[in-house]
Student: 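Sharing a structure, written as C-alpha cells. Questions coming.
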Amino acid sequence: MSHPVMFDASDPHYVRLREICLALPGAQEKIAHGRPNFFTRKVFAAFGGSLKGEHRSPVARHSVLFLPDPSERAALLDDERCFVPAYVGAAGWLGLSFHLIGGADLVDWDEVAELVDASYRLTAPARLVKELDSRA
C-alpha cells in the first residue's frame, strides 16, 4: 500500500527547500512515505514529518528534517522552532518547524541552507563533499 502525498508541491517553503537541497552535488529527490526526501546515497533532508504520538501535528508536518552536527544538537534543541521528529529522531535527526516561523518570507533561508549543508556533509560520500568544497 502506497502512502498518500502529504505535501503541496506549490508550497513556497517546499519550493525553496528543494532549490537548496538539489543545488548540492549528486543530490536527488524521492517521495517516501508521502513526503519529499533529498538524498545522495543516504537521505540528508526531508520536507515534513511527524511527532511521536502526533502524526498530524502542523509543527512537524510543515518543517525540514535534518541530521545536525553533533556539536550543534544541544543548542538547536534549545531553539523553540526545533523538535525531535518521530522515527528518525532516535537516530539523532531534528526538525525545524516552518509552521512556527510563519510565511516563507520570514524564514532565514541562509540558516536552513547551513542546517542542510551540515546534514549533507554527515551523510554524503566523501567525493561529493570534496566536490562541494571545491565550489567555494
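The figures that follow rest on heavy atoms only: side chains count, while hydrogens, waters and symmetry mates do not.
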Student: Could you check if a side-chain atom of Phe44 sits within less than 4.5 angstrom of a side-chain atom of Leu67, using non-hydrogen atoms only?
Tutor: no

Student: Side chains of Arg41 and Leu128: does their closest heavy-atom pair fall under 4.5 Å?
Tutor: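 A side-chain contact under 4.5 Å is absent here.
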
Student: Could you go step by step and tell me if Val64 and Phe98 meet the side-chain contact (heavy atoms from CB on, under 4.5 Å) rule?
Tutor: CA-CA 8 Å; Val64 56; Phe98 296 134; 3.9 Å; yes

Student: Is it true that Asp78 and Arg73 have a side-chain N and a carboxylate O under 4.0 angstrom from each other?
Tutor: no

Student: For the residue pair Pro68 and Leu94, what are the closest heavy atoms and their distance?
Tutor: CG-CD1, 3.8 Å

Student: Can you tell me how far apart CE (Met6) and OG (Ser50) are? Round to the nearest 0.5 Å.
Tutor: 7.5 Å

Student: Could you work out, with side-chain contact (heavy atoms from CB on, under 4.5 Å) as the rule, every residue matching His99, not counting sequence neighbours?
Tutor: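 If we apply the side-chain contact (heavy atoms from CB on, under 4.5 Å) test to His99, skipping adjacent residues, the hits are Pro58, Val59, His62, Ser97.
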
Student: Would you please test Val116 and Arg121 for side-chain contact (heavy atoms from CB on, under 4.5 Å) and show each step?
Tutor: CA-CA 9 Å; Val116 168; Arg121 290 173 181 280; over 6 Å; no

Student: Can you tell me how far CG of Asp69 sits from CG of Leu76, rounded to the nearest 0.5 angstrom?
Tutor: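 CG of Asp69 is found 9.0 Å from CG of Leu76.
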
Student: What residues form a salt bridge (charged side-chain N to carboxylate O under 4.0 Å, His left out) with Arg18, not counting sequence neighbours?
Tutor: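 Once residues adjacent in sequence are excluded, the partners of Arg18 under the salt bridge (charged side-chain N to carboxylate O under 4.0 Å, His left out) criterion are Glu29.
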
Student: Would you call Glu111 and Arg81 a salt bridge, taking side-chain N to carboxylate O under 4.0 Å as the test?
Tutor: yes

Student: Heavy atoms, side chains only, cut-off 4.5 Å: are Val84 and Leu77 in contact?
Tutor: yes

Student: Among Val112, Asp110, Leu115, which one satisfies side-chain contact (heavy atoms from CB on, under 4.5 Å) with Ile20?
Tutor: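 Answer after filtering Val112, Asp110, Leu115: Val112.
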
Student: Using side-chain heavy atoms (C-beta onward) and a distance below 4.5 Å, is Phe38 in contact with Gln28?
Tutor: no

Student: In plain terms, say whether Arg127 and Glu131 are close enough for a salt bridge, that is, a side-chain N and a carboxylate O under 4.0 Å apart.
Tutor: no

Student: Search all heavy atoms of Thr40 against all heavy atoms of Thr123 and return the closest pair with its distance.
Tutor: OG1-O, 4.2 Å

Student: Measure the acute angle between the ring planes of His13 and Trp109, then classify it against the limits of 30° and 60° as parallel, tilted or perpendicular.
Tutor: tilted

Student: For Phe47 and Phe7, take the angle between the two ring planes, folded into 0 to 90°, and tell me which bin it lands in: parallel under 30, tilted 30 to 60, perpendicular over 60.
Tutor: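 Correct class here is perpendicular.
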
Student: As a quick check of understanding, evaluate side-chain contact (heavy atoms from CB on, under 4.5 Å) for Ser57 and Phe83, giving each step before the final call.
Tutor: CA-CA 12 Å; Ser57 168; Phe83 63 94; over 6 Å; no

Student: Report yes if some heavy atom in the side chain of Phe66 is under 4.5 Å from a heavy atom in the side chain of Leu96; otherwise report no.
Tutor: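 Side chain of Phe66 against side chain of Leu96, heavy atoms only: contact under 4.5 Å found.
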
Student: Is there a side-chain contact between Leu65 and Val88 (heavy atoms, below 4.5 Å)?
Tutor: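 Yes; the side chains approach each other to less than 4.5 Å.
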
Student: Does the Asn37 side chain pair with the main chain of Arg35, one donor and one acceptor, at a distance under 3.5 Å?
Tutor: yes

